[in-house]
Chemist: 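The structure's right below; bear with me while I get my questions together.
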Amino acid sequence: MKGIIFNLFEELVVGRGGERVWDQLLTDADLTGGYTSLGTYRDAELATLVGAFAEDQDSTGAEVQRAFGRHAIVALAERYPQFFEPHAHTVDFLLTLNDVIHTEVRKLHAEANPPTFEFERSGPSTLRIGYGSDRRMCAFAEGMIAGAAEHFGEDVSITQPRCQQDGAADCVLVCEFRARA
């Protein structure tokens with residue numbers, strides 16, 4: 001996994017708990033924490049950090065992943081506005097994940113392994129998203145979708161009729177978007 005993801009997670013942890021909590025998570029996980037944005041690190045390290053932070057926050061790993069996804073999309077929108085600015089709605093932005101955003105990620109980082117998405121529109125405001133990744137971080141994807149909706153001034157309700165966490169081969173997220181009142 002690319003280091004920028006670890007950097008974004010560190011931002012979340014420090015923002016919620018301070019440097020002391022981040023340092024303690026690293027100590028408890030026996031990790032060095034010297035994550036550079038361009039480095040590549042083991043997926044298991046992030047999973048360990050998420051689990052440790054969930055325990056510290058008296059939360060679940062899925063809740064931490066959702067919060068992390070929301071935080072990450074806000075930070076990425078600030079760092080990479082060129083991916084967000086062409087779009088007026090969340091659905092239009094999400095439909096660029098495979099062909100634009102992840103293509104650019106792979107150009108910069110040939111070893112990157114972003115998740116794959118399958119999209120099916122069942123109306124102007126409903127998007128069915130198939131999520132496939134060996135990382136099994138569908139809750140992170142949910143958080144990113146919710147954060148993207150916030151970015152575009154929309155609300156979203158997400159249901160998940162199928163999940164890798166429950167033994168399915170992939171996850172399905174059904175997202176219904178609506179303009180904020």
Side-chain angles (χ1 to χ4, degrees), residues 1-85 90 93-94 96-117 129 131-152 158 163-165 170-171 173:
M1 183 175 300
K2 297 311 297 175
I4 190 171
I5 301 299
F6 285 84
N7 298 152
L8 292 168
F9 188 68
E10 179 181 357
E11 287 175 16
L12 173 72
V13 170
V14 170
R16 289 196 171 185
E19 290 284 344
R20 178 199 61 76
V21 171
W22 177 249
D23 291 341
Q24 190 62 52
L25 292 180
L26 292 172
T27 298
D28 292 348
D30 196 27
L31 299 170
T32 62
Y35 302 110
T36 64
S37 63
L38 298 177
T40 301
Y41 305 94
R42 294 178 314 116
D43 296 347
E45 288 186 41
L46 183 63
T48 298
L49 290 168
V50 166
F53 190 54
E55 187 174 315
D56 178 79
Q57 298 291 296
D58 195 28
S59 186
T60 67
E63 290 169 335
V64 167
Q65 283 187 36
R66 281 186 201 94
F68 177 32
R70 282 180 118 103
H71 168 80
I73 203 73
V74 169
L76 291 169
E78 290 173 5
R79 288 176 172 99
Y80 305 101
Q82 68 272 22
F83 293 119
F84 294 80
E85 289 171 352
T90 312
F93 167 75
L94 293 173
T96 69
L97 290 175
N98 290 332
D99 298 332
V100 176
I101 297 172
H102 288 163
T103 297
E104 290 299 317
V105 168
R106 285 186 196 93
K107 283 181 189 175
L108 293 171
H109 312 286
E111 75 284 359
N113 185 24
T116 57
F117 299 97
I129 303 172
Y131 164 89
S133 173
D134 292 339
R135 294 183 183 107
R136 302 165 54 116
M137 292 180 63
C138 54
F140 178 72
E142 281 185 54
M144 290 191 91
I145 293 165
E150 288 175 20
H151 176 82
F152 290 103
I158 303 171
C163 183
Q164 289 176 307
Q165 302 296 335
D170 64 353
C171 299
L173 306 167

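Given the structure is predicted, the values throughout are model-derived calculations rather than measurements.
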Chemist: Specify whether Y35 and Y41 have parallel, tilted or perpendicular ring planes, treating 30° as the upper limit for parallel and 60° as the lower limit for perpendicular.
Modeler: perpendicular
Chemist: Locate the shortest heavy-atom distance separating A139 from A62; write the atom from each residue and the value.
Modeler: CB-O, 3.5 Å
Chemist: Just how far is it from atom CZ of F140 to atom CG of L46, taken to the nearest 0.5 Å?
Modeler: 8.0 Å
Chemist: Hey, what do you get for CZ (R79) to CD1 (I4), rounding to the nearest 0.5 Å?
Modeler: 5.5 Å
Chemist: Given side chain to side chain contact (heavy atoms under 4.5 Å, CB included), test F53 with L49 step by step and report yes or no.
Modeler: CA-CA 6 Å; F53 190 54; L49 290 168; over 6 Å; no
Chemist: Given M1 and M137, is the side chain to side chain contact (heavy atoms under 4.5 Å, CB included) satisfied, shown in steps?
Modeler: CA-CA 12 Å; M1 183 175 300; M137 292 180 63; 4.1 Å; yes
Chemist: For R136, does its backbone N or O pair with a side-chain atom of Q165 as donor and acceptor, under 3.5 Å?
Modeler: yes
Chemist: Sorted by first residue and then second, give each salt bridge (Lys or Arg N to Asp or Glu O under 4.0 Å) pair with at least one member in residues 137-148; sequence neighbours left out.
Modeler: R66-E142
Chemist: Roughly how far apart are I145 CD1 and R70 CZ, rounded to 0.5 Å?
Modeler: 11.0 Å
Chemist: What distance do F84 atom CZ and T96 atom OG1 have between them, rounded to the nearest 0.5 Å?
Modeler: 8.5 Å
Chemist: Just how far is it from atom CG of N7 to atom NZ of K2, taken to the nearest 0.5 Å?
Modeler: 11.0 Å
Chemist: Over all heavy atoms of both residues, which pair between C163 and C138 is shortest? Give the atoms and the distance, please.
Modeler: SG-SG, 3.6 Å
Chemist: Working to the nearest 0.5 angstrom, can you tell me the gap between L76 CG and L8 CG?
Modeler: 5.0 Å
Chemist: Looking only at heavy atoms, what is the nearest atom pair of Q164 and S133, with distance?
Modeler: NE2-O, 3.1 Å
Chemist: Taking all heavy atoms of V13 and all of L25, pick out the closest pair and write down the distance.
Modeler: CG1-CD1, 3.8 Å
Chemist: Given F6 and L31, is the side chain to side chain contact (heavy atoms under 4.5 Å, CB included) satisfied, shown in steps?
Modeler: CA-CA 12 Å; F6 285 84; L31 299 170; over 6 Å; no
Chemist: Given V64 and F9, is the side chain to side chain contact (heavy atoms under 4.5 Å, CB included) satisfied, shown in steps?
Modeler: CA-CA 10 Å; V64 167; F9 188 68; 3.9 Å; yes
Chemist: If you look at every heavy atom in A29 and T48, which pair is closest and at what distance?
Modeler: CB-CG2, 3.5 Å
Chemist: Check A54 against G61 and note the closest heavy-atom contact, atom names and distance.
Modeler: CB-N, 3.7 Å
